[in-house]
Amino acid sequence: MRIGLFGGTFDPPHIAHIALAENILQNGDIDEIWFLVTPQNPWKTSNQLTLDAHRLEMVKLCTEGLNGLIVSDYEYHLSKPTYSYQTLRSLRSNYPNHSFCLLVGGDNWEAFDHWREYEEILRHHKIIVYPRPGSRLVTSEGVEDFYKENPSAPGFTTVEAPLYNISSTMIRERILKHEDTSEFLPRKVQEYIEHHHLYVSPKE
């Protein structure tokens, strides 16, 4: 099976995450998209994140009833902080009959040669790059050099997807200011945030 890996802290997940995943899935190049909810982004400290259980549950609510969108706590069981190459290495070992491609935003793609063991990732996995609003696609010099030296590598492809000027950071800031966020969040996620009083206090 061809699996697209959509990793992130999803703090919180929002409508753009789902729209992007559904758009990529409809292109027909992959069979499922796994939302890999990461317990700790290497670039963030743990006290900046909402509890793992809350973020996982919100992604489940986002994807409820949507075929082909799978929520995974796989990275919760790996050592922290979790780097993409470690996750992919583990997935290759545990699911040898699946092929995994990595979904990467245009901003991360521009700096992909700064990722830990990025050459290992490129050697084994196709990359699907999606643009950010208002940005042009730039491929990092290290990645360009890698593909020139390794023409048989899986390579990368870009995807045309709806561009939403929405971010989890923006949603958290609006909630902190008591501003309406219902247009950016699935209804069940909005209700979950309100019920558990999430994002109403600033992170330290």
Side-chain angles (χ1 to χ4, degrees), residues 1-10 13 16-43 55-56 59-60 62-132 137-162:
M1 187 174 286
R2 301 164 301 176
I3 309 296
L5 299 175
F6 192 176
T9 53
F10 300 109
H17 290 134
I18 301 305
L20 173 63
E22 288 191 303
N23 183 275
I24 293 173
L25 196 61
Q26 289 168 6
N27 285 342
D29 294 331
I30 56 179
D31 302 303
E32 290 181 348
I33 290 182
W34 292 5
F35 283 76
L36 290 180
V37 186
T38 183
Q40 181 181 339
N41 186 308
W43 308 112
R55 293 182 291 110
L56 187 68
V59 179
K60 288 179 179 178
C62 265
T63 58
E64 196 172 69
L66 300 178
N67 293 331
L69 303 185
I70 310 299
V71 183
S72 174
D73 64 354
Y74 190 86
E75 289 194 325
Y76 285 23
H77 309 289
L78 301 178
S79 60
K80 300 179 183 180
T82 307
Y83 292 94
S84 294
Y85 82 92
Q86 295 170 319
T87 300
L88 290 165
R89 189 182 290 176
S90 180
L91 286 168
R92 290 197 304 271
S93 175
N94 290 327
Y95 298 94
N97 295 325
H98 290 345
S99 62
F100 295 97
C101 58
L102 190 64
L103 278 59
V104 176
D107 51 348
N108 281 320
W109 185 239
E110 186 173 351
F112 198 79
D113 55 2
H114 293 290
W115 286 33
R116 291 278 186 94
E117 304 294 340
Y118 77 93
E119 291 183 333
E120 177 182 328
I121 298 174
L122 298 177
R123 188 169 288 109
H124 293 283
H125 302 280
K126 181 178 179 179
I127 312 295
I128 297 177
V129 185
Y130 54 92
R132 294 295 193 186
L137 187 66
V138 177
T139 305
S140 62
E141 184 176 346
V143 169
E144 289 185 351
D145 290 342
F146 174 85
Y147 283 136
K148 289 176 184 178
E149 297 169 4
N150 299 272
S152 62
F156 76 96
T157 185
T158 59
V159 60
E160 291 188 10

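Residues take their numbers from the sequence shown, with the count starting at 1. The structure presented is a predicted model; accordingly, all values stated were derived computationally and were not measured.
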Engineer: Any side-chain heavy atom of Leu103 sitting closer than 4.5 Å to one from Val159?
Structural biologist: no
Engineer: Applying side-chain hydrogen bond (donor to acceptor under 3.5 Å, both in side chains), which residue pairs with at least one partner in residues 147-156 are found, sequence neighbours left out?
Structural biologist: none
Engineer: Working to the nearest 0.5 angstrom, can you tell me the gap between Glu22 CD and Leu20 CG?
Structural biologist: 10.0 Å
Engineer: So, do Trp109 and Phe156 have ring centers that fall under 6.0 Å from each other?
Structural biologist: yes
Engineer: Without hydrogens or angle criteria, can the side chains of Tyr74 and Ser90 be said to hold a donor-acceptor pair below 3.5 Å?
Structural biologist: yes
Engineer: Could you give the distance from CD (Glu110) to CG (Leu137), rounded to the nearest 0.5 Å?
Structural biologist: 9.0 Å
Engineer: Between Thr87 and Glu75, is there a side-chain donor-acceptor contact under 3.5 Å, judged purely by atom types and distance?
Structural biologist: yes
Engineer: Measure the shortest side-chain to side-chain distance between Leu5 and Leu88 over non-hydrogen atoms and say whether it is less than 4.5 angstrom.
Structural biologist: yes
Engineer: Checking the side chain of Arg55 only, and the main-chain atoms of Thr9 only, is there a donor and an acceptor separated by less than 3.5 Å?
Structural biologist: yes
Engineer: Give the ring-plane orientation class for Trp115 versus Phe112, where under 30° counts as parallel, over 60° as perpendicular and anything between as tilted.
Structural biologist: tilted
Engineer: Specify whether Phe35 and Phe6 have parallel, tilted or perpendicular ring planes, treating 30° as the upper limit for parallel and 60° as the lower limit for perpendicular.
Structural biologist: tilted
Engineer: State, yes or no, whether a side-chain contact exists between Leu78 and Gln86 at a heavy-atom distance under 4.5 Å.
Structural biologist: no
Engineer: Around atom CZ of Arg92, are there more than 12 heavy atoms of other residues, nucleotides or ligands at under 6.0 Å?
Structural biologist: yes
Engineer: Cut-off 3.5 Å, side chains only: do Arg89 and His124 have a donor facing an acceptor?
Structural biologist: no
Engineer: Can you establish whether the number of heavy atoms outside Asn67 located under 6.0 Å from its atom CG is more than 12?
Structural biologist: no
